[in-house]
There are 2 protein chains.
Amino acid sequence: MKWDTLEEESCSLSRTVAVVGDRWTLLILRECFLRVRRFEAFQSSLQITRHLLSERLKKLVRFGILRRVPYSETPKRYEYILTQKGLDLYPVIMAMVHWGDTHMSDERGRPLLHEHKSCGKLFDPVMVCSECGEPLHAKQVHVHPGPGRMEATG
Amino acid sequence: MKWDTLEEESCSLSRTVAVVGDRWTLLILRECFLRVRRFEAFQSSLQITRHLLSERLKKLVRFGILRRVPYSETPKRYEYILTQKGLDLYPVIMAMVHWGDTHMSDERGRPLLHEHKSCGKLFDPVMVCSECGEPLHAKQVHVHPGPGRMEATG
DNA sequence: GTTTGACAGTTCTATTTTAGAACTATAGCC
DNA sequence: GGCTATAGTTCTAAAATAGAACTGTCAAAC
């Protein structure tokens, strides 16, 4: 399967995976949420090859997840800033971080703690139902075909 | 960066990405949550090559996300079932589905609708703070080093 | 005015991963 | 024996990634 096939499937997961479903993209997004914005900063903190970093940043800009904004005119230099579409990926990143905290931490505990500025407390992210507010569990969810559903795809 | 390097970083996102951070693994997990359990069923619904499917299933079993359970003795046949660790990935998958619904749907609308059996309504997943219950936004979260933090890693 | 260094990339070759197809093995059914 | 179903393994070709070196612009230092 090619990346562009994936993007056109009638499945929201496939479409998301087509955009952010590789390890470097996810790690780049982590850095974005940690306020990293510049090419050299991404490169040195991730140890990603410059070639791949360049490719991935272009892709994220192409999909409207990052904006390439000039911060210096001479020489021309740009930084990469999350758009709203990019900021909306926060639950994806946080869900992965929380799973890692829960299932992949060593005996020393979790690497980072998160403080919610609004309430001032250290927290974990919890996914709830938009309608009743209860935490979601896979076994209590039933799936129906929606209007954008096409045949022959998962 | 190699996959095993990633797994050992002191960052919960890296560790999660090391396990589920590739497109096929994420798509296989989608199928698991849609109650797919058998080799042939994964293969025909995903159009993944048999070789890669075999590799990915082994990896998921190795990490304790799937269990390989016999359902026939002669001939020996197995099916792959989510463990609790695997079920706990539900928020990751749902966060990606929701982002795809919001930002990658075409004019016809979303491909699947989700019903919460407990309350009977069609819902969207929302990520909230475990302490105050308010929806989480990237800009309202501050990060602190935790006990499992090592130097020199993101 | 030449050198040095920072920044943001591009280009090149070698290695690793993935795609695609064919093949293996066990067993039930006709 | 020949056909089908299931769950894989093995093989070669194509694509992606790693790793290192290179390009070009400009500012500041010597």
Side-chain angles (χ1 to χ4, degrees), chain A residues 1-9 14 17-29 31-32 35-62 66-81 154, chain B residues 1-9 14 17-29 31-32 35-62 66-81 154:
Chain A
M1 186 188 288
K2 311 282 170 51
W3 285 99
D4 39 343
T5 313
L6 201 53
E7 193 185 325
E8 283 154 18
E9 274 196 53
S14 298
V17 166
V19 184
V20 303
D22 73 279
R23 59 181 146 167
W24 284 124
T25 300
L26 289 164
L27 293 172
I28 288 168
L29 286 169
E31 296 300 302
C32 292
R35 275 77 174 175
V36 170
R37 303 176 153 206
R38 298 186 183 178
F39 191 94
E40 295 295 321
F42 287 112
Q43 205 278 319
S44 73
S45 75
L46 291 174
Q47 298 295 103
I48 184 177
T49 65
R50 309 177 71 77
H51 177 64
L52 268 200
L53 176 57
S54 174
E55 291 280 303
R56 291 294 189 273
L57 290 174
K58 273 183 204 153
K59 182 173 176 183
L60 288 168
V61 169
R62 184 156 43 81
L66 297 177
R67 258 178 317 135
R68 189 160 172 268
V69 181
Y71 72 89
S72 151
E73 282 305 320
T74 61
K76 275 270 186 192
R77 300 234 189 284
Y78 299 89
E79 51 190 13
Y80 296 89
I81 300 185
Chain B
M1 185 190 288
K2 310 281 171 49
W3 286 99
D4 40 341
T5 314
L6 201 53
E7 193 187 327
E8 283 155 18
E9 272 196 54
S14 297
V17 166
V19 184
V20 302
D22 73 280
R23 58 182 145 164
W24 284 124
T25 300
L26 289 164
L27 293 172
I28 289 169
L29 287 169
E31 296 300 303
C32 292
R35 274 77 174 176
V36 170
R37 304 175 154 206
R38 298 185 183 177
F39 191 93
E40 295 296 320
F42 287 113
Q43 205 277 319
S44 72
S45 76
L46 291 173
Q47 298 296 102
I48 184 177
T49 64
R50 310 176 71 77
H51 177 63
L52 267 201
L53 176 58
S54 174
E55 290 282 302
R56 290 295 189 274
L57 290 173
K58 273 182 203 156
K59 183 173 176 182
L60 288 168
V61 169
R62 183 155 42 82
L66 296 177
R67 258 178 317 134
R68 188 161 173 269
V69 181
Y71 71 90
S72 150
E73 281 305 321
T74 61
K76 274 272 186 191
R77 301 237 188 281
Y78 299 90
E79 51 189 11
Y80 296 89
I81 300 185

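Residue numbers begin at 1 in each chain, while the letters A, B, ... track the order of the sequences. All values reported here derive from a predicted model rather than from experimental measurement.
Look at CD on E40(A): it is 15 Å from P on dG5(C), rounded to the nearest Å. Taking atom CZ of R68(B) as the reference point, atom C1' of dA7(D) lies 9 Å away to the nearest angstrom. Atom CH2 of W3(A) is separated from atom C1' of dT17(D) by 13 Å (rounded to the nearest Å). For R38(A) and dG9(C), the CZ to C1' distance is 15 Å, given to the nearest whole Å. Distance, D22(A) CG to dT17(D) P: 7 Å, rounded to whole Å. Following rounding to the nearest Å, D4(B) (CG) and dA18(D) (P) show an atom-to-atom distance of 12 Å. One can place CG of L57(B) at 10 Å from P of dT9(D), the figure rounded to the nearest angstrom. Atom pair L60(A):CG and dG9(C):P shows a separation of 13 Å (rounding to whole Å applied).
Geometric assessment of R37(B) against the ring of Y71(B) yields a negative cation-pi assignment under the 6.0 Å and 45° thresholds. Annotation: cation-pi pair K59(A)/W24(A) absent, no NZ/CZ under 6.0 Å from the ring centroid and within 45° of its normal.
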Side-chain donor-acceptor pairs of residues 46-53 of chain A under 3.5 Å, sequence neighbours excluded:
from: T49(A); atom 1: OG1; to: L52(A); atom 2: N; distance (Å): 3.3
from: R50(A); atom 1: NH2; to: E40(A); atom 2: OE2; distance (Å): 2.6

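Contact annotation: Y71(A) reaches the phosphate of dA8(C) (side-chain N/O to OP1 or OP2, under 4.0 Å). Distances shorter than 4.0 Å separate some side-chain N or O of Y80(B) from OP1 or OP2 on dG8(D).
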Each nucleotide of nucleotides 19-30 of chain C classed B (base within 4.0 Å of a protein heavy atom), S (only sugar-phosphate) or -, in 5' to 3' order, makes BB-B---BSS--

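For R35(B), the side-chain hydrogen bond (donor to acceptor under 3.5 Å, both in side chains) test picks out no residue, with sequence neighbours left out.
Distance check: L60(A) CG to R68(A) CZ gives 13.5 Å after rounding to the nearest 0.5 Å.
Side-chain atoms of F39(A) and R77(A), non-hydrogen and from C-beta on, never get closer than 4.5 Å to each other. Residues F42(B) and L57(B) have side chains in contact (heavy-atom distance under 4.5 Å, counting atoms from C-beta outward).
Checking R56(A) against K58(B), the closest nucleotide of DNA chain D that is more toward the 5' end is the one next to K58(B).
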